[in-house]
Amino acid sequence: MSSGRGAGAAQAQDIAKVSLQRDGDQLVVGLAGTWQISAHLPGTTAVEAALESPPAPTGIEFDSQGIEGWDSSVLTFLMGVEDAADERSIPVDHAGLPDGVRRLVELARAVPERGTRTEEPKGSPLARVGGVGLKIYDGAVGELEFLGEVARAFGAFLRGKARYRKSDLRLLIQQAGADALGIASLVSLLFGLILAFVGAVQLQQFGAAIYVADLVGVGMVRDMAAFMTAIIVAGRSGAAYAAQIGTMRVTEEIDALRTTGISPMEFLVVPRVVALVLMMPLLTVYADLMGILGGYVVGVGILDLTPRAYIQQTINAVNMTHFFPGVIKGTIYGLLVALAGCKQGMAAGNSASAVGDAATRAVVNGVVAIIVACGVAQVISYVFGI
Amino acid sequence: MTETTAASAPPTDQISVRNLTMAYGDFVVMRDLSFDVSPGEVFVIMGGSGCGKSTLMRHLLGMIEPATGEIFYGGESFTSASREVRESYLRRFGVLFQGGALWSSMTLAENIALPLEEYTGLGAAEIRDVASLKLALVGLRGFEDYYPSEISGGMRKRAGLARAMALDPEILFVDEPSAGLDPISSRLLDDLILELRESLGTTFVVVTHELASIFAIASKAIFLDTVTRTATAIGPPIDLRDHSQDPAVRAFLRRGEEEHE
Ligand SMILES: Nc1ncnc2c1ncn2[C@@H]1O[C@H](COP(=O)(O)OP(=O)(O)O)[C@@H](O)[C@H]1O
Ligand SMILES: [Mg+2]
């Protein structure tokens, strides 16, 4: 049986070929032609069929007389044959293979490195549901343990006992705060603009364009400034924290801290959480102003409101019951983003791609946490009428 | 002439491991290890890659809990000691991790200063002097203000050793000193280890599979066998090479000999 692809005569001679013959109770696999990984790779289905066809052979031999050239494609084929033979406990005799091929096959089949990967149990659908449940439970326990450790480290920080570097904290504060101003300005300004346009379309119908000032002012100050800033910070700082800490895990820097008797929670996590919790309120206030500026540009520039009227309307609309909840929300979002980032970093695996995954998860978890917290805040303020 | 350097220091503790089984979850890495490391010894943990050498070192440092068995320092159980007691041991250990594990956001001097700040009452200027001295000992005089990313892998390892030596530890743990180093740097590191043992009386626990290192530094070695998942030989490496009962051990210690002859 030949397994060529109906190619031209000259080429057909060159192509890798497999023939199967019975020699008593042995199956003789004949290899011929030029085996090239870039060309055609014969499958093992025919061999498997021959192993099944009664009377089943009790051994496999090779005849490689016709082979003209080979590379690792022949090994790939042979490993398939070996696996098929192993499944049926049929011994394979390598004597008929070219010397180099034989040595490589034996090398590839040497005792495999034992790994620690435990096979995922496949099991019934019910067992899989249970498995998912257990995973979620483990995740929740891990989350709580992490929070517990952070809380303890924070206690030490508040008592002035935490071990961290003031210069690290200063740098983190600068990165979380000052360095984020540019992007925070842009996004809040545009968001103020967008809010103003969306509002104007509706409000102009009632000749109430001046209320754009209320919409933008209250909307930004109470919710959107904190929300947008938090999303930006999740993408910047949250991801950075996960990547920094995750990399330190890979390079054993965290282990080195531990063996020096320094808690990584105090040394790495606390300064990052403190930096974001300190900077988020400031960024939020800044974003408030930029958002209002965005609304002002639309109100004055496009809706033909007078600057005086717009500013007066904003001052009348926005008060402290909008301002403080907004700032507090921003602070909470900052805490959530920092915790998500540090948690993912500390839980990262031991490879470069694991660090990338950790950064991605930090952003996703951070954003989800922000949105959930925002939703909860809305419900609370509705129920309590704030 | 008597050495005065380490004579005043209290004798370091003997490390004893009894029936230690190490596992990650259900996966048993090594079972039933028992051995002793005497003070001042250079004890080498050898074996093929992935056999559990680093894992054993982490057990000795208390970073991983034994599945079963116990570890003793100076006859006192380390495994069942309280958290505080264990932390007090860290003060007496120095560790050089495989890649050096220098804290990348700090200069070399700051790296060495951190353990000093943590455990000593020295002032900033004194700490700086000690850091410079330690760097000079590993041949890195003048590199105080370099960041780890600005120096080569071999220098990073030496700087890591300087940091591990910061507190003049009684026991220095070293994971794969020659990994990723050229033969000359690796020789220098071996010489440094021997020198420190001579002059400071430091006990060394060294993980390595480099034959040249093993024969150069080890006063005693343990062979972790991947197939049987236990220690198949303990003793001075030359004895093991010539007289070990286990062919795998002899083969490991003789590998490459044919090519050199
Ligand atoms: N954190 C871990 N979780 C699970 N398995 C691990 C972990 N670390 C190492 N292993 C496994 O334990 C075995 C021993 O690893 P290790 O001690 O690092 O070997 P080496 O002798 O090369 O230092 C390896 O099979 C490795 O895959
Ligand atoms: Mg290792």
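Computed over heavy atoms, backbone and side chain alike; hydrogens, waters and symmetry mates excluded. In the text below, chain A, chain B and the rest are named by the order of the sequence lines, each starting its count at 1.
Few gaps surround CD on A/Glu106; more than 12 heavy atoms of other groups in view lie less than 6.0 Å from it. Annotation: B/Phe72, atom CZ; neighbour count of heavy atoms from other residues, nucleotides and ligands within 6.0 Å is above 12. Within 6.0 Å of CG in A/Leu158 there are more than 12 heavy atoms belonging to other residues, nucleotides or ligands.
Summarising the geometry, atom CD belonging to B/Glu117 is positioned 8.5 Å from atom CD1 belonging to A/Ile262; distances are rounded to the nearest 0.5 Å. The OG atom of A/Ser167 lies 8.0 Å from the CE atom of B/Met106; values are rounded to the nearest 0.5 Å. Interatomic distance, A/Gln244 CD to B/Ser105 OG, rounded to the nearest 0.5 Å: 8.5 Å.
Among all heavy-atom pairs drawn from B/Trp103 and A/Thr260, the shortest one is CH2-OG1, 3.6 Å.
Looking at B/Ser104, the atoms closer than 4.5 Å to chain A (heavy atoms on both sides) sit in the backbone and in the side chain alike. Both the backbone and the side chain of B/Leu114 come within contact range of chain A, with heavy atoms under 4.5 Å apart. There is no contact between B/Glu87 and chain A, counting heavy-atom distances below 4.5 Å. Neither the backbone nor the side chain of B/Tyr89 comes within less than 4.5 Å of any heavy atom in chain A. For a residue to count as touching a neighbouring chain, one of its non-hydrogen atoms must lie under 4.5 Å from one of that chain's; by this rule B/Arg86 does not touch chain A. Using a 4.5 Å cut-off between heavy atoms, B/Arg91 does not touch chain A at all.
Residues from residues 349-364 of chain A never place a non-hydrogen atom less than 4.5 Å from a non-hydrogen atom of chain B. Residue-level contacts of residues 251-258 of chain A with chain B, in order of numbering, are A/Thr251, A/Glu252, A/Glu253, A/Asp255, A/Ala256, A/Leu257, A/Arg258; threshold 4.5 Å between heavy atoms.
Within the structure, the salt bridge (Lys or Arg N to Asp or Glu O under 4.0 Å) test picks out no pair touching residues 260-272 of chain A (sequence neighbours left out).
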Set out, in order, the CA-CA distance, both residues' side-chain angles and the distance that settles side-chain contact (heavy atoms from CB on, under 4.5 Å) for B/Phe173 and A/Thr259, then state yes or no. CA-CA 11 Å; B/Phe173 295 86; A/Thr259 55; over 6 Å; no

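For the side-chain contact (heavy atoms from CB on, under 4.5 Å) test, residues two or more places apart in sequence or in another chain that qualify with B/Thr21 are B/Val28, B/Arg31, B/Ala67, B/Thr68.
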